[in-house]
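To start, the structure under review is shown below, and the notes come after it.
FYI, side chains are in, hydrogens and waters are out, and symmetry mates aren't considered; it's all heavy atoms of this structure.
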Amino acid sequence: MRTALFAIIASILPLLADGQAEVVVSSFAFSDGVHPTLSFQFEGTDVRYVESWWKDELKRVSREVSNKKEVVGAAALLPQISTDTVRVLMKAEQRKGAPYLTAHVAFLTREGWVGPSSEARAFDAAKAYVMQQSTLLRRQLAQQELTTAEKGLARLNTEMNGLRREKERAEAGIVKNKQRGTEAIQEQERLGNEQEEMAAKVEAQRKENAAASTAEGEKALADLLKQQARLQEKRRKAGDDELQAKKKSEELAWTIKKNVEDQARKREEIARQEQLVKQLREKLDGIR
């Protein structure tokens, strides 16, 4: 269901993008009545953002700007439209469920509301002004999209580098633990030889004590038994080290296997994000 919905949206977005390239003559019911407007469609934004942008733009040319029910630029200086001051009304409209919104702009000059029946020079100038402002806004929105996508790409590349470093650490860990395991095996062999020698010494001391028991002989036997116990403990610890090194190597091998899978998925994400960045850059470059 979601796949079908995305396919429908993807199919209509190019149409919307084409529609956004032109200023359209229409009308809108402002708070003081219905007036002819010059309208432009936007996608990827909302009513508040568009109205705020127009408010800031009208502040540059108007004596006063308000936005109670709609954005109103009072006594605006737009000499290309009229030699006198102009009143500009602007309202963004987004119908429920629509993927785009429409920005309606109306101009009131001394001769009345600017529309198709107005003087050609004033009408064309008003249309050009709306187109100019809408293009600036479209470029700003497209730049924001591109910047967000580029940040996303940078984040994905950072994550990929992190995965590569994690794999390198795991590989180094395997080498280290294999070496540790080898050393533990060698240590067990060495301690095993020492244990055999120590067992022979203990047996000899016991025979000696059995033949002629003395305090010195008993003390020597006790010392040998202590050394024998220490050797046993050292060999046991070396065996534990071998098992731990083997277990750690197996864990790291699993980590590397999962890391390789994660890197493959991350490469796919990066490829998709790179394509998105490319498309958004072309979109920005195409807005003139």
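Nearest heavy-atom pair across Gly112 and Leu108 is C-CD1, 3.5 Å. Contact record, Arg87 with Ala74: NH1-CB, 4.1 Å, taken as the closest heavy-atom pair. The shortest heavy-atom contact between Met90 and Ala103 is CE-CB, 3.7 Å. Nearest heavy-atom pair across Gly217 and Gln205 is O-NE2, 3.3 Å. Scanning both residues, Leu252 and Ala170, for their nearest heavy atoms gives CD1-O, 3.8 Å. The shortest heavy-atom contact between Asp46 and Leu101 is C-CD2, 3.2 Å.
Ion pairing between a basic and an acidic side chain is recognised when a charged N comes within 4.0 Å of a carboxylate O; Glu233 and Lys237 show no such pairing. We find that Glu168 and Arg165 are not joined by a salt bridge, their nearest charged nitrogen and carboxylate oxygen being 4.0 Å or further apart. Between Arg272 and Glu274, no side-chain nitrogen of the basic residue sits less than 4.0 Å from a carboxylate oxygen of the acidic one, so the salt-bridge criterion is not met. Taking a cutoff of 4.0 Å between a charged side-chain nitrogen and a carboxylate oxygen, Lys55 and Glu51 do not qualify as a salt bridge. Using a 4.0 Å cut-off between charged side-chain N and carboxylate O, Glu187 and Arg235 make no salt bridge. Between Arg190 and Glu194, at least one side-chain N (NZ, or NE/NH1/NH2) sits under 4.0 Å from a carboxylate O, which counts as a salt bridge. Using a 4.0 Å cut-off between a side-chain N of Lys or Arg and a carboxylate O of Asp or Glu, Asp262 and Lys258 qualify as a salt bridge. Salt-bridge formation is detected for the pair Glu150/Arg281: a Lys NZ or Arg NE/NH1/NH2 atom is positioned less than 4.0 Å from an Asp or Glu carboxylate oxygen.
Side-chain contact between Val47 and Glu93 is absent, with no heavy atoms from C-beta onward closer than 4.5 Å. With a 4.5 Å cut-off on side-chain heavy atoms, Asn209 and Glu218 count as touching. Using a 4.5 Å heavy-atom cutoff, the side chains of Gln133 and Thr135 are not in contact. No side-chain heavy atom of Val88 sits under 4.5 Å from any side-chain heavy atom of Val72. Put simply, the side chain of Leu284 reaches to within 4.5 Å of the side chain of Gln143, judged on heavy atoms. Between Glu171 and Val175 there is no side-chain heavy-atom pair separated by less than 4.5 Å. Proximity of Leu225 to Gln228: side-chain heavy atoms (C-beta onward) are separated by under 4.5 Å at one or more points. With contacts defined as side-chain heavy-atom distances shorter than 4.5 Å, the pair Trp54/Asn67 does not qualify.
Of the N and O atoms on the side chains of Thr148 and Gln144, not one donor lies less than 3.5 Å from an acceptor on the other residue. Donor-acceptor pairing under 3.5 Å is lacking for the side chains of Ser27 and Thr37. Using modelled atom types, one finds a donor on one side chain and an acceptor on the other under 3.5 Å when comparing Trp53 with Gln140. Counting only N and O atoms by type, the side chains of Gln244 and Arg180 include a donor and acceptor under 3.5 Å apart. Defined by atom type and a distance below 3.5 Å, a donor-acceptor pair is missing between the side-chain atoms of Glu197 and Asn193. Asp223 and Gln227 form no side-chain donor-acceptor contact under 3.5 Å, judged by distance and modelled atom types alone. Inspection of the Asn161 and Arg164 side chains reveals an N or O donor paired with an N or O acceptor under 3.5 Å. Of the N and O atoms on the side chains of Glu183 and Gln179, at least one donor lies less than 3.5 Å from an acceptor on the other residue.
With rounding to the nearest 0.5 Å, the separation of CZ in Arg206 from CG in Leu224 is 9.5 Å. Put simply, OG1 on Thr83 and CG on Leu78 are 12.0 Å apart, with the number rounded to the nearest 0.5 Å. One distance of note links NZ of Lys176 with NZ of Lys248; it measures 10.0 Å at 0.5 Å rounding. Between the CD atom of Glu203 and the CG atom of Leu221 there is a distance of 10.0 Å, given to the nearest 0.5 Å. To the nearest 0.5 Å, atom CD1 of residue Ile174 and atom CD of residue Glu251 are 11.0 Å apart. In this structure, CG in Leu141 is found 5.0 Å from OG1 in Thr45, a value given to the nearest 0.5 Å.
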* **Derivation and outcome, salt bridge (charged side-chain N to carboxylate O under 4.0 Å, His left out), residues Glu166 and Arg169** => CA-CA 5 Å; Glu166 179 183 301; Arg169 287 193 295 269; 5.1 Å; no

* Go through Lys257 and Glu261 one step at a time and tell me if the salt bridge (charged side-chain N to carboxylate O under 4.0 Å, His left out) criterion holds. => CA-CA 7 Å; Lys257 180 177 180 296; Glu261 295 170 352; 3.1 Å; yes

* Might you work through the side chain to side chain contact (heavy atoms under 4.5 Å, CB included) test for Val24 and Leu38, ending with a clear yes or no? => CA-CA 6 Å; Val24 178; Leu38 296 169; over 6 Å; no

* To do: Start with the C-alpha gap between Val105 and Leu89, add the side-chain angles, then the distance that decides, and say whether side chain to side chain contact (heavy atoms under 4.5 Å, CB included) holds.
  => CA-CA 6 Å; Val105 187; Leu89 277 62; over 6 Å; no

* Please step through side-chain hydrogen bond (donor to acceptor under 3.5 Å, both in side chains) for the pair Thr102 and Ser39, ending with a clear verdict. => CA-CA 6 Å; Thr102 302; Ser39 304; over 6 Å; no

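When hydrophobic clusters are built by joining Ile, Leu, Val, Met, Phe, Trp and Tyr residues whose side-chain heavy atoms come closer than 4.5 Å, directly or via intermediates, Leu153 is grouped together with Leu146. Note: the hydrophobic cluster containing Ile287 does not contain Tyr49 (ILVMFWY, side chain heavy atoms under 4.5 Å, direct or indirect links). Grouping the Ile, Leu, Val, Met, Phe, Trp and Tyr side chains by contacts below 4.5 angstrom, directly or via other members, places Val260 apart from Met160. Val25 and Phe107 end up in the same hydrophobic cluster when Ile, Leu, Val, Met, Phe, Trp and Tyr side chains are linked at under 4.5 Å. Hydrophobic cluster membership differs between Phe28 and Tyr100, with clusters built from Ile, Leu, Val, Met, Phe, Trp and Tyr side chains linked at under 4.5 angstrom.
One N or O on the side chain of Ser118 and one on the backbone of Gly115 form a donor-acceptor pair closer than 3.5 Å. Ser62 places a side-chain N or O within 3.5 Å of a backbone atom of Leu58 that can act as its donor or acceptor partner. Listed for the Ser82 side chain is no donor-acceptor partner under 3.5 Å among the backbone atoms of Thr85. Using a distance-only test at 3.5 Å, with no hydrogens or angles considered, a donor-acceptor pair links the side chain of Asn177 to the main chain of Gly173. At least one donor-acceptor pair under 3.5 Å links the side chain of Gln273 to the backbone N or O of Ala149. No donor-acceptor pair closer than 3.5 Å links the side chain of Gln132 to the backbone N or O of Leu136.
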Anything under 3.5 Å between a donor and an acceptor, one on a side chain of residues 122-129, the other on a protein residue two or more places apart or in another chain? List them.
none

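Among residue pairs with one or both ends in residues 106-117, those qualifying as side-chain hydrogen bond (donor to acceptor under 3.5 Å, both in side chains) are His35-Trp113, Asp84-Arg110, Thr109-Glu111; sequence neighbours excluded.
Classified by interplanar angle (parallel below 30°, tilted 30° to 60°, perpendicular above 60°), the ring pair Phe42/Phe40 is tilted.
Residues satisfying the side-chain contact (heavy atoms from CB on, under 4.5 Å) test with Glu242, not counting sequence neighbours, are Ala184, Ile185, Gln188.
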